[in-house]
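Below is one structure, written out as structure tokens; comments come after it.
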Amino acid sequence: MGIVRHKLMIEESEKRFASAKLLRSAGDSSDSAYLLQLLAFELLLKVVVEQSTQSIAHGHNYKDLFASLSPQRQAEVLRIAGERIGPSLLTTNQNGVLSDLGSNFVKLRYPYDKYNDLTHQEYVRVGADWVAAGARLEDADYRYHPEELFGLTYALRQVVNGC
């Protein structure tokens, strides 16, 4: 694994973040910008994993990728993220956040698959039923965690750039 690989991954990550920003500023209402942010985050996470473990990082399971980091590196990333965004689910449920983010990267590319067997009326009721049941985060079909994603991304950028 060479320095060029990681340099290219970091550059590609920054391009994806820039593209996400453009989509948001254009008023895009799809999940495309979010998916680009997740991909950019994934690239940074893989760079940190590869630099730390000296092995190629594969897949979209962010929880497992993060777990492959040493406890000290994990603590550093979480500390930097926490300093940037304050208290969040990263403090109490980092594995759940990382699982949700990785799952979103896979499942939000084809979100209609989740509702394949529903009629239109049943689909319309999904959101209303969720709200009526108390709109609990743990019961949501998709959990986005935008602040945590921002904090983790910030932290990985700091780690990649040597703080």
Side-chain angles (χ1 to χ4, degrees), residues 6-53 56-114 126-127 130-131 135-163:
H6 294 153
K7 182 178 184 320
L8 293 173
M9 290 170 75
I10 293 164
E11 288 174 0
E12 191 62 32
S13 175
E14 292 306 320
K15 289 176 190 176
R16 302 297 168 113
F17 281 122
S19 294
K21 187 175 180 179
L22 280 173
L23 275 174
R24 287 207 194 290
S25 69
D28 181 70
S29 63
S30 73
D31 284 321
S32 295
Y34 178 65
L35 286 166
L36 286 168
Q37 286 179 294
L38 287 172
L39 180 54
F41 165 76
E42 179 178 310
L43 289 168
L44 289 175
L45 178 57
K46 287 178 175 178
V47 168
V48 173
V49 166
E50 290 181 7
Q51 288 175 341
S52 298
T53 65
I56 300 289
H58 294 285
H60 311 298
N61 188 322
Y62 301 165
K63 180 182 76 128
D64 287 351
L65 287 167
F66 192 77
S68 71
L69 296 172
S70 70
Q72 295 82 6
R73 181 63 86 191
Q74 290 179 35
E76 177 186 22
V77 170
L78 293 171
R79 178 186 55 76
I80 295 169
E83 289 172 357
R84 184 72 171 116
I85 65 170
S88 75
L89 281 176
L90 289 176
T91 307
T92 58
N93 189 9
Q94 73 197 36
N95 287 334
V97 169
L98 290 162
S99 290
D100 286 344
L101 295 175
S103 175
N104 285 350
F105 180 75
V106 172
K107 293 179 180 176
L108 283 172
R109 291 180 289 175
Y110 312 104
Y112 45 82
D113 284 345
K114 171 84 174 146
V126 168
W130 178 70
V131 170
R136 295 177 341 152
L137 182 63
E138 59 269 16
D139 296 332
D141 288 340
Y142 301 101
R143 292 174 291 277
Y144 288 74
H145 305 292
E147 287 301 311
E148 289 82 356
L149 179 58
F150 175 79
L152 287 167
T153 298
Y154 176 83
L156 291 173
R157 281 175 163 156
Q158 298 302 305
V159 169
V160 163
N161 292 318
C163 294

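- Under the 30°/60° scheme for interplanar angles, the aromatic rings of Tyr110 and Tyr112 are found to stand perpendicular.
- Residue pairs satisfying the salt bridge (charged side-chain N to carboxylate O under 4.0 Å, His left out) criterion with at least one member in residues 92-102, sequence neighbours excluded, are listed as follows: Asp100-Arg143.
- If you take CG on Leu65 and CG on Leu98, they are separated by 9.0 Å, rounding to the nearest 0.5 Å.
- Across all their heavy atoms, Ala140 and Trp130 have their closest contact at N-NE1, 3.4 Å.
- From Leu39, atom CG reaches atom CG of Leu43 across 5.0 Å, with rounding to the nearest 0.5 Å.
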Does the pair Arg157 and Leu44 meet the rule for a side-chain contact (heavy atoms from CB on, under 4.5 Å), with working shown? CA-CA 7 Å; Arg157 281 175 163 156; Leu44 289 175; 3.7 Å; yes

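- In this structure, the separation between OG1 on Thr53 and CG on Leu69 is 7.5 Å, given to the nearest 0.5 Å.
- Residues Ala33 and Leu23 share a closest heavy-atom pair of N-CD1, 3.8 Å.
- Side-chain contact check for Gln158 versus Glu76: every heavy-atom pair is 4.5 Å or farther apart.
- Among residues two or more places apart in sequence or in another chain, the side-chain hydrogen bond (donor to acceptor under 3.5 Å, both in side chains) test is passed with Gln74 by none.
- Across all non-hydrogen atoms, the minimal contact from Val49 to Ala57 is CG1-CB, 3.9 Å.
- Using a 4.5 Å cut-off on side-chain heavy atoms (C-beta onward), Arg73 and Ser70 make contact.
- Separation of atoms CZ (Phe41) and CG (Leu152) is listed at 5.0 Å; rounding is to 0.5 Å.
- Among pairs with a residue in residues 65-90, none fulfils ring-ring contact (aromatic ring centres under 6.0 Å, His included), at least two apart in sequence or across chains.
- At least one donor-acceptor pair under 3.5 Å links the side chain of Ser52 to the backbone N or O of Val48.
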List the atom pairs, donor and acceptor, that lie under 3.5 Å between side-chain atoms in residues 90-97 and the rest of the protein, sequence neighbours left out.
{"residue": "Thr91", "atom": "OG1", "partner": "Ser88", "partner atom": "O", "Å": "3.4"}
{"residue": "Asn93", "atom": "OD1", "partner": "Gly96", "partner atom": "N", "Å": "2.9"}

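- Between the side chain of Ser19 and the main chain of Lys15, a donor-acceptor pair closer than 3.5 Å is present.
- Residues Pro146 and Phe150 form no side-chain contact, since every pair of their non-hydrogen atoms from C-beta on lies 4.5 Å or further apart.
- Residues that satisfy the side-chain hydrogen bond (donor to acceptor under 3.5 Å, both in side chains) test with Glu83, not counting sequence neighbours, are Arg79.
- Here the shortest heavy-atom pairing between Gly151 and Ala81 reads O-CB, 3.3 Å.
- Note on residues 29-43: pairs passing side chain to side chain donor-acceptor pair (under 3.5 Å), not counting sequence neighbours, are Arg24-Gln37, Asp28-Ser30, Ser30-Ser32, Asp31-Tyr144, Tyr34-Asn104, Glu42-Lys46, Glu42-His60, Glu42-Tyr62.
- Between Leu108 and Leu35, the closest heavy-atom pair is O-CD1, 3.8 Å.
- Note that the CG atom of Asn61 and the OG atom of Ser99 stand 6.0 Å from one another [nearest 0.5 Å].
- Going from atom CG of Leu45 over to atom CD of Glu50 covers 10.0 Å, rounded to the nearest 0.5 Å.
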